[in-house]
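Presented below is the structure to which this report refers.
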Amino acid sequence: MMPGSALVHDFFTGLGILVATGVFVLQKRYWKPDDRIWIVVAGALAGGAVLGRLGTWAQHLDLRQNASLAEQWAYGNRSILSGLVGAYFGALLAKRLCRYRAKTGDLFAPAVALGMAVGRIGCLLTELPGTPTGGAWGITAWDGVPRHPSFAYEIAFQLAAFVVLLRLRGRVDLFAWYLVGYAIFRFAVEFARGNEIVFAGLTRPQLFLLALAPLAVWRFGVQARRKAREDREAQDDGKPRLDPAPAAGG
Amino acid sequence: MTVSPDWTPPPPPEASGRRPIRPGLLWIGVGIALGGHLLTILIGWLVALNVSGEAPVNFLYVAGIGQVVLAVAALAYGITATVRARDGGIGVGIIIGWAIGLIISPVVGFGVCISLVDGNGTFG
């Protein structure tokens, strides 16, 4: 990170959270969930905040080489990927806790996309933007080398995702599809990001995503089975299947 | 006394005895947790100004301990209150405020550290 730029980075992170909060409030007015949605919000925020801080702890397979949890908490890198995973599982845990059965991901997905677009401006302004490139679109940071503006690619992706998510509202499981789309995009953009390559030509975020892939496949399998069962039950009842109530998602 | 023909009996209270989350109480919880974050920074700052040694190191040490105490207190109370669901949302608000503060407090802490490194610990 460029020296002395932590404040700029954290400022845009805070601004991203504010923007995401605004979008969430608008989405809440649209979907009108019951009051237990706040418990889900609390779970998502707490899970995201904790895992976003601790998610990059396991840098080495030899655990003794990693920082202590206290050092990681105080000085470690923040990770948006592990923060998203933490938010997802935090929301699931909270839903179990308060027995909230309605889907909630559609409320969160557009807010996360726009919030991340704003938050990444801080990364674009303060971090080395990517791998060196000879292309005319390369940007030159403080080291004088033209590089891929990988954070600009991500901002463009998040803005496009935000628009698409709003257009698809109520038609598909928005959060699940957003996560899959972001995972594929992030895996690809890592080749231009310039993060340290640690194994088989892949960076840590790419390995993290590969490790999570079976979980995503399992999740989609469970959803597909549930939908098939609901369709079957509706057919057995002799009545057409109703569309899900407008509060869908993760 | 006449009763409107549109009148229907109010719904019975939920069997679980869960008290609904009220926005006012939720915001009180958020405020308590954010106040806790501010307090850890304030105490760290005052200690750094008044105790001998390297001020930024003292600040980080005291604020760090404060953050640990705050995390344990906020999560213990917040989760317990959320499970019991009888406080109208204060516990949920405390968890939300704690998590937001966790993201925002490094920005404030960074500013305090800069002021301490600059020498006088003030922002004037």
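Everything quoted here is computed from the prediction, not taken from an experiment. Convention: sequence-line order gives letters A, B, ...; per-chain numbering from 1.
Within 6.0 Å of the CZ atom in B/Arg19, the count of heavy atoms belonging to other residues, nucleotides or ligands exceeds 12. The number of heavy-atom neighbours closer than 6.0 Å to CZ of A/Phe12, taken from other residues, nucleotides and ligands shown, is above 12.
Heavy-atom distances place the side chain of B/Leu26, and not its backbone, under 4.5 Å from chain A. Residue contact with chain B, scored on non-hydrogen atoms closer than 4.5 Å, involves the backbone and the side chain of A/Ile39 alike.
Of the possible donor and acceptor atoms, none in the side chain of A/Asp35 sits under 3.5 Å from a partner among the backbone N and O of B/Pro20.
Put simply, the side chain of B/Ile100 reaches to within 4.5 Å of the side chain of A/Leu45, judged on heavy atoms.
Residues A/Ala46 and B/Ile95 come closest through the heavy atom pair CB-CG2, 3.9 Å. In terms of heavy atoms, A/Ala49 sits closest to B/Ala99 at CB-O, 3.9 Å. In terms of heavy atoms, A/Trp38 sits closest to B/Val92 at O-CG1, 3.3 Å. Across all their heavy atoms, B/Leu102 and A/Arg53 have their closest contact at O-NH2, 3.2 Å.
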